[in-house]
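Step one of this worksheet: look at the structure below.
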Amino acid sequence: MEEAGREKDRSVVVVVEDLGTATKDTVNPSAKSTRRYPLLSWTTILALIALVGVYIFSVSLKQNGMLLGLKQTDMIEKEREKLCQDPSIPVTEIPYVHYPTPDTYSRKECACTPVRFFAILSMQRSGSGWIETLLNSHENISSNGEIFSIKERRSNITSITKTLDKLYNLDWLSSAAKNECTAAVGLKWMLNQGLVQHHEEVVEYFNRRGVSAIFLLRRNTLQRYVSVLANAHDSKAKQINGTHKSHVHSEREAQILAQFKPEIDTKKLIADLKKSDKLAADALLYFKKTRHIILYYEDVVSNDTKLMDVLDFLRLPKRKLSSRHVKIHTKLLRDHIDNWAEVNSTLMGTQYESFLNG
């Protein structure tokens with residue numbers, strides 16, 4: 001019995017030792033594995049952290065550089081303002097009076113000529129081209145066209161502000177630039193060219209830099225609709241000597257373009273008119289806290305002194321303004337729309353019924 005008990009105990013010891021050996025054999029490989037892979041994982045994580053750190057540093061450096069540039073511009077302008085201070089300028093007007101120091105030339109004797117910043121905010125085919133040429137006939141106004149028609153300039157808010165900074169520093173060279181003695185500098189900016197999309201940042205920029213907004217809208221959006229369709233047709237057909245012209249300078253050219261009568265898709269007409277109304281209403285709402293004026297194309301057409309309100313708004317001396325632009329669509333709408341009867345039936349009894357008399 002005792003001998004049998006000893007044998008049993010020895011067998012248990014052997015089993016335990018075998019199990020221990022087996023455990024060691026099975027543990028060792030995994031132990032080696034856990035030592036190897038965590039090292040690789042930590043290396044990967046550290047590399048990713050380093051990459052993220054470099055990216056954040058580069059973005060921060062870029063932003064700080066931009067901010068430093070803006071601060072330097074503001075400091076230079078404030079120093080110039082001290083030198084050129086005009087006691088006759090009301091305190092409420094000081095935020096809208098600027099003394100730029102261009103990088104590309106010297107303003108010389110006009111260094112102390114105050115400059116007003118403005119932007120004509122409008123929609124395509126609302127008369128902005130005509131209004132801009134009228135303003136540019138003033139010897140002290142430089143309105144530099146539809147700058148943000150180029151997508152790269154409006155691709156993000158950084159590109160937008162960089163472009164605006166260059167413009168308002170009088171470093172934007174164009175045929176409209178008056179250079180040294182510019183007293184008001186601006187541009188045409190269509191609502192669908194990043195303006196509404198980035199409205200919060202643009203409003204902040206306008207208020208910080210003292211930019212005045214000139215809203216140019218059209219009451220009869222059906223007339224604008226016809227003009228948009230006609231312009232789109234000519235961009236393909238190129239009716240004048242194989243060249244597309246959005247604006248013309250002779251009666252003959254105007255008559256050629258006016259011959260085209262668009263056929264309007266009445267199924268989507270009301271929806272398109274509402275979309276246009278909403279875009280204008282949204283813009284007016286977004287920019288209500290900026291210094292602005294609202295101008296209607298129809299008022300300027302019927303009253304040639306209406307633009308004097310804009311000169312007063314920009315605090316500029318009144319001058320006779322002129323333009324070479326010739327109006328294309330001069331007849332009643334019924335004479336410029338191919339399917340007039342259908343359009344008339346679609347809008348009759350709606351909020352747009354009054355447009356039919358345009």
Side-chain angles (χ1 to χ4, degrees), residues 120-138 141-154 172-177 186-193 216-266 268-269 272-273 276 295-302 304 307 320-343 355-356 358:
I120 302 171
L121 311 184
S122 189
M123 301 169 72
Q124 285 83 356
R125 313 311 295 176
S126 295
S128 60
W130 173 52
I131 297 297
E132 186 175 51
T133 57
L134 285 166
L135 292 177
N136 271 327
S137 69
H138 194 289
I141 298 179
S142 292
S143 190
N144 293 272
E146 211 168 309
I147 290 174
F148 290 110
S149 62
I150 296 176
K151 291 183 179 180
E152 288 76 13
R153 294 174 185 163
R154 65 175 194 261
W172 195 273
L173 302 180
S174 73
S175 59
L187 73 157
K188 277 197 313 178
W189 198 347
M190 301 297 105
L191 302 185
N192 62 351
Q193 292 176 349
L216 175 62
L217 304 173
R218 202 160 179 168
R219 287 195 177 94
N220 193 325
T221 50
L222 179 59
Q223 288 181 323
R224 174 183 169 273
Y225 197 75
V226 170
S227 183
V228 168
L229 293 176
N231 187 61
H233 170 76
D234 186 67
S235 67
K236 297 176 182 177
K238 298 178 175 57
Q239 301 163 95
I240 301 175
N241 301 323
T243 303
H244 170 53
K245 291 194 174 184
S246 295
H247 308 99
V248 296
H249 298 148
S250 73
E251 294 288 347
R252 184 188 70 83
E253 291 178 332
Q255 289 172 3
I256 292 173
L257 296 185
Q259 287 176 1
F260 171 73
K261 295 182 180 182
E263 182 176 338
I264 294 177
D265 184 352
T266 54
K268 65 174 188 172
L269 176 58
D272 285 347
L273 293 177
S276 176
L295 191 67
Y296 287 97
Y297 168 80
E298 289 85 353
D299 294 342
V300 181
V301 171
S302 61
D304 58 4
L307 279 180
K320 183 178 180 179
L321 306 177
S322 61
S323 172
R324 293 178 56 222
H325 280 211
V326 175
K327 188 174 173 61
I328 296 171
H329 297 103
T330 58
K331 299 178 182 179
L332 293 174
L333 271 173
R334 65 175 65 245
D335 299 316
H336 291 298
I337 299 175
D338 189 52
N339 57 332
W340 169 253
E342 190 179 354
V343 170
F355 293 173
L356 297 169

Counting only N and O atoms by type, is there a donor-acceptor contact under 3.5 Å from the side chain of Glu298 to the main-chain atoms of Asn220? yes

Which pairs, with at least one residue in residues 328-343 and sequence neighbours excluded, count as a salt bridge (charged side-chain N to carboxylate O under 4.0 Å, His left out)? none

Go through it in stages, so that I can follow the logic: the residues are Gln193 and Glu146, the test is side-chain hydrogen bond (donor to acceptor under 3.5 Å, both in side chains), and I'd like the CA-CA distance, side-chain angles, deciding distance and then a yes or no. CA-CA 9 Å; Gln193 292 176 349; Glu146 211 168 309; 2.7 Å; yes

For Asp304, give me all partners under side-chain hydrogen bond (donor to acceptor under 3.5 Å, both in side chains), at least two apart in sequence or on another chain. none

Under the rule for side-chain contact (heavy atoms from CB on, under 4.5 Å), what residues qualify as partners of Ala232, not counting sequence neighbours? none

All heavy atoms of Ala254 vs all of Val326, minimum pair found to be CB-CG1, 4.0 Å

Under the side chain to side chain contact (heavy atoms under 4.5 Å, CB included) criterion, do Ile256 and Val248 qualify, and how do the steps go? CA-CA 10 Å; Ile256 292 173; Val248 296; over 6 Å; no

Roughly how far, to the nearest 0.5 Å, is the OG atom of Ser122 from the CG atom of Asn192? 10.0 Å

The side-chain hydrogen bond (donor to acceptor under 3.5 Å, both in side chains) partners of Tyr297 (sequence neighbours excluded) come to Lys327

Are the side chain of Ser142 and the backbone N or O of Ala176 linked by a donor-acceptor pair below 3.5 Å? yes

Measuring from atom CG of Leu216 to atom CD1 of Ile120, what distance do you get when rounded to the nearest 0.5 angstrom? 7.5 Å

Just wondering, are more than 12 heavy atoms of other shown residues or ligands nearer than 6.0 Å to CZ in Arg219? yes

Taken to the nearest 0.5 Å, the spacing of Lys268 NZ from Leu273 CG works out to 11.5 Å

Indicate yes or no: at least one non-hydrogen side-chain atom of Arg153 is less than 4.5 angstrom from one of Ile147. yes

So, using side-chain contact (heavy atoms from CB on, under 4.5 Å) as the criterion, who are the partners of Val228 when residues are at least two apart? Arg125, Arg224

Considering residues at least two apart in sequence or located in another chain, which fulfil the ring pair (Phe, Tyr, Trp, His ring centres under 6.0 Å) criterion with His247? His325

Residues passing the side-chain hydrogen bond (donor to acceptor under 3.5 Å, both in side chains) test with Ser322, sequence neighbours excluded, are none

Sorted by first residue and then second, give each salt bridge (charged side-chain N to carboxylate O under 4.0 Å, His left out) pair with at least one member in residues 230-246; sequence neighbours left out. Lys245-Glu253

Nearest-0.5 Å distance, CD of residue Gln124 to CZ of residue Arg218: 13.0 Å

Closest non-hydrogen atom pair between Gly145 and Glu132, with its separation: N-OE2, 2.8 Å

CD1 on Ile328 to CD on Glu251, rounded to 0.5 Å: 11.0 Å

Kindly give the heavy-atom pair with the smallest separation between Thr133 and Ser323, and that separation in Å. OG1-OG, 2.6 Å

Criterion side chain to side chain contact (heavy atoms under 4.5 Å, CB included) on Ser128 and Met190, from CA distance to verdict: CA-CA 9 Å; Ser128 60; Met190 301 297 105; 3.6 Å; yes

What distance separates Ile131 CD1 from Leu307 CG, expressed to the nearest 0.5 Å? 4.5 Å

Run Leu187 and Trp172 through side chain to side chain contact (heavy atoms under 4.5 Å, CB included) and show every step you take. CA-CA 10 Å; Leu187 73 157; Trp172 195 273; over 6 Å; no

side-chain hydrogen bond (donor to acceptor under 3.5 Å, both in side chains) against Asn136, all qualifying residues, sequence neighbours excluded: none

Go through the structure and list residues passing ring pair (Phe, Tyr, Trp, His ring centres under 6.0 Å) with Phe355, not counting sequence neighbours. Tyr352

Quick one: list whatever passes side-chain contact (heavy atoms from CB on, under 4.5 Å) with Lys151, sequence neighbours left out. Arg154

Could you tell me which residues satisfy side-chain contact (heavy atoms from CB on, under 4.5 Å) with Ile337, sequence neighbours excluded, listed by chain and number? Val226, Ile264, Leu333, Asn339, Trp340, Val343

With side chain to side chain contact (heavy atoms under 4.5 Å, CB included) as the test, would you mind laying out the steps for His233 and Gln239 before giving the verdict? CA-CA 9 Å; His233 170 76; Gln239 301 163 95; 3.7 Å; yes

